[in-house]
Amino acid sequence: MTTYTILIILSGLVIFSYLFDLVASKTKVPSVLLLLLLGIGLKFLIDYLKIQTFNFLSILPTLGTVGLILIVFEGSLELKYDKEKNKIIKGAFFSALTILLATVTIITLIIYQITHKDLYTCIANAIPFSVISSAIAIPTAAALDKQGREFVIYESSFSDILGIILFNFAITNHSLTTSAFIGLGLSTFLIILLSAIACVVLLYIMGKLVHHIKFFLIISILILVYAIGQSYHLSSLVLILSTGLFLNNVDTIQNAWFRGVFLYKNLAADLSQLYQLSAESAFILRTFFFVIFGFTMDISELNDKPVLANGFFILLTIFAVRFFFLKVFKKGSIVPIAYIAPRGLISILLYYNLPKALKIPEVGTSFLFLVVLGTSIVMTLGITLSKNKREETATA
């Protein structure tokens, strides 16, 4: 393909993604679902025209990781903290934790029944299917009321963080020992300490930079620290979430010395620009990630009846567990939040980070694709039906 052909395709994908976002805001069909279908359609077209392409799977994890960082950072920059939100935060955290652990437990049993592999391998493979994708949940939450939107942002971000912690713990510890839990405690302490230092340093840098280009530098530093932390199996997503929350709520700190040293005149305007840049960058990366994921899928494998049946059982598990525990941890109505349990970017990233020795052929990419697709469809139908029901109740 020529340079101009590639530019036409890339520009076209971004335009389509923008149109899909407009469609999503009107129809509640997640733009991610449309991007996956676009990727599948492009695959058919490329195969029909017999055009040579390179291995897109090689860039998928990198695209997904940067996209995840920016999406979580964008979501956290929207959150304003006050004491009244403690209940929402606590409920979102315990909801994310219990739903994650319960879902991992049941999906582990399903995978064990399918493959009869050892329990350790089944647990490692179950974790990617058990984590809510903030990359899909946070944009979808924009259609909810303020309280519902905040709950989804916190819960999906906590689910990502806890899922990564559990995944790192599982692949680095083959057995539950005292030293394994000591290591987990130490790594958690280190990432919290690193997050606190990073928050203050980044705020100081923002105030001191006079160059007209500085926000990509801030985002690059965040990505650098995230990558260093992840390379040492630290759950660096904690750093991303805490940095966004800190920057957006730093004006509430009343300490005179802190305000004199770290707060500056154009902070509010800078935060607005930083949010805009992270949102638009996340949009681009999300577009290419899900189109490429759809493009790399071999959908002929979905004709396999056992894959469809087992995928259905996993979908049933995901939503049954979610409905049960949201009743416990969420005050008031749990609809349509109960339907917002998409699997997506984080699930794909965790799956591709599984060591080769732990990968199970029966639980392959087609299985993952089916669950990603299924949770998005259920979420779409659930939100649409609950919206129609509310409108009927309002007009009655």
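All values below were derived from every heavy atom in this structure, side-chain atoms included, with hydrogens, water molecules and symmetry-related copies excluded. Only a predicted model underlies this, so the values are computations on that prediction, with no experimental measurement involved.
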Is a donor on one side and an acceptor on the other found under 3.5 Å between the side chain of Thr243 and the backbone of Cys199? no

Checking Glu78 against Lys146 for the salt bridge (charged side-chain N to carboxylate O under 4.0 Å, His left out) test, could you report, in this order, the C-alpha distance in whole Å, the side-chain angles of both residues, the deciding distance, and whether it holds? CA-CA 11 Å; Glu78 283 189 279; Lys146 185 182 177 183; over 6 Å; no

Hphob cluster co-occupancy, Ile15 + Leu36, side-chain heavy atoms under 4.5 angstrom: yes

Is the Phe129-Phe367 ring centre distance short of 6.0 angstrom? yes

Tyr204 atom OH, over 12 foreign heavy atoms within 6.0 Å: no

Tell me whether the rings of Phe169 and Phe181 are parallel (<30°), tilted (30 to 60°) or perpendicular (>60°). tilted

Do Leu217 and Leu202 belong to the same hydrophobic cluster, where Ile, Leu, Val, Met, Phe, Trp and Tyr are linked whenever their side-chain heavy atoms lie under 4.5 Å apart, directly or via other members? yes

Taking atom OH of Tyr352 as the centre, does the number of heavy atoms from other residues, nucleotides or ligands within less than 6.0 Å exceed 12? yes

Salt bridge check: are Arg286 and Glu74 linked by an N-O gap of less than 4.0 Å? no

Any side-chain heavy atom of Ser133 sitting closer than 4.5 Å to one from Ile136? yes

Can you name the nearest heavy-atom pair linking Leu271 to Asn248, along with the distance? CD1-CA, 4.3 Å

Is there a side-chain contact between Thr65 and Tyr226, using heavy atoms and a 4.5 Å cut-off? yes

Go through the side-chain N and O atoms of Thr121 and Asp118 and say whether any donor and acceptor fall under 3.5 Å apart. yes

Hey, is the main chain of Leu245 close enough, under 3.5 Å, to the side chain of Asn249 for a donor-acceptor pair? yes

hydrophobic_cluster_shared for Leu274 and Ile213, side chain cutoff 4.5 Å: no

Taking CZ in Phe312 as the centre, count heavy atoms belonging to other residues, nucleotides or ligands within less than 6.0 Å. Is the count above 12? no

So, Ser76 side chain and Phe73 main chain: donor-acceptor pair closer than 3.5 Å or not? yes

The test is salt bridge (charged side-chain N to carboxylate O under 4.0 Å, His left out); show your working for Asp251 and Arg259 and say whether it passes. CA-CA 8 Å; Asp251 58 333; Arg259 295 182 74 87; over 6 Å; no

Enclosure of Lys117 NZ (heavy-atom neighbours >12, cutoff 6.0 Å): no

Say whether, by atom type as modelled, one donor and one acceptor occur between the side chain of Tyr232 and the main chain of Ser187 under 3.5 angstrom. no

Is the NZ atom of Lys90 crowded by more than 12 outside heavy atoms at less than 6.0 Å? no

Note: Gly91 and Phe151 closest approach over all heavy atoms is C-CE1, 3.9 Å

With hydrophobic residues grouped by side-chain heavy-atom distances under 4.5 Å, do Ile346 and Leu35 end up in a single group? yes

Has Tyr112 got more than 12 heavy atoms of other residues, nucleotides or ligands less than 6.0 Å from its OH? no

For the pair Gln230 (side chain) and Ser236 (backbone), establish whether a donor and an acceptor sit closer than 3.5 Å, ignoring hydrogens and angles. yes

Can you check whether Val372's main-chain N or O pairs, donor with acceptor, with Thr375's side chain at less than 3.5 Å? yes

Charged N-O contact under 4.0 Å between Asp270 and Lys265: no

Under 3.5 Å: donor-acceptor pair, side chain of Arg322, backbone of Tyr339: no

Let me check something: do Leu193 and Ile182 share a hydrophobic cluster, defined by ILVMFWY side-chain heavy atoms less than 4.5 Å apart, either directly or through other members? no

So His174 and Tyr120, would you call those rings parallel, tilted or perpendicular, with 30° and 60° as cut-offs? tilted

Give a yes or no on whether the backbone of Leu326 and the side-chain of Ser95 come within a donor-acceptor separation of less than 3.5 Å. no

Nearest heavy-atom neighbours spanning Ile218 and Ile205: CD1-CG2, 4.0 Å

Decide if the gap between the ring center of Phe93 and the ring center of Tyr154 is smaller than 6.0 angstrom. no

Using only atom types and a distance under 3.5 Å, with no angle test, would you say the side chain of Asn125 pairs donor to acceptor with the backbone of Ile111? no

Using a 3.5 Å distance criterion without hydrogens, assess whether the side chain of Gln147 forms a donor-acceptor pair with backbone atoms of Asp145. no

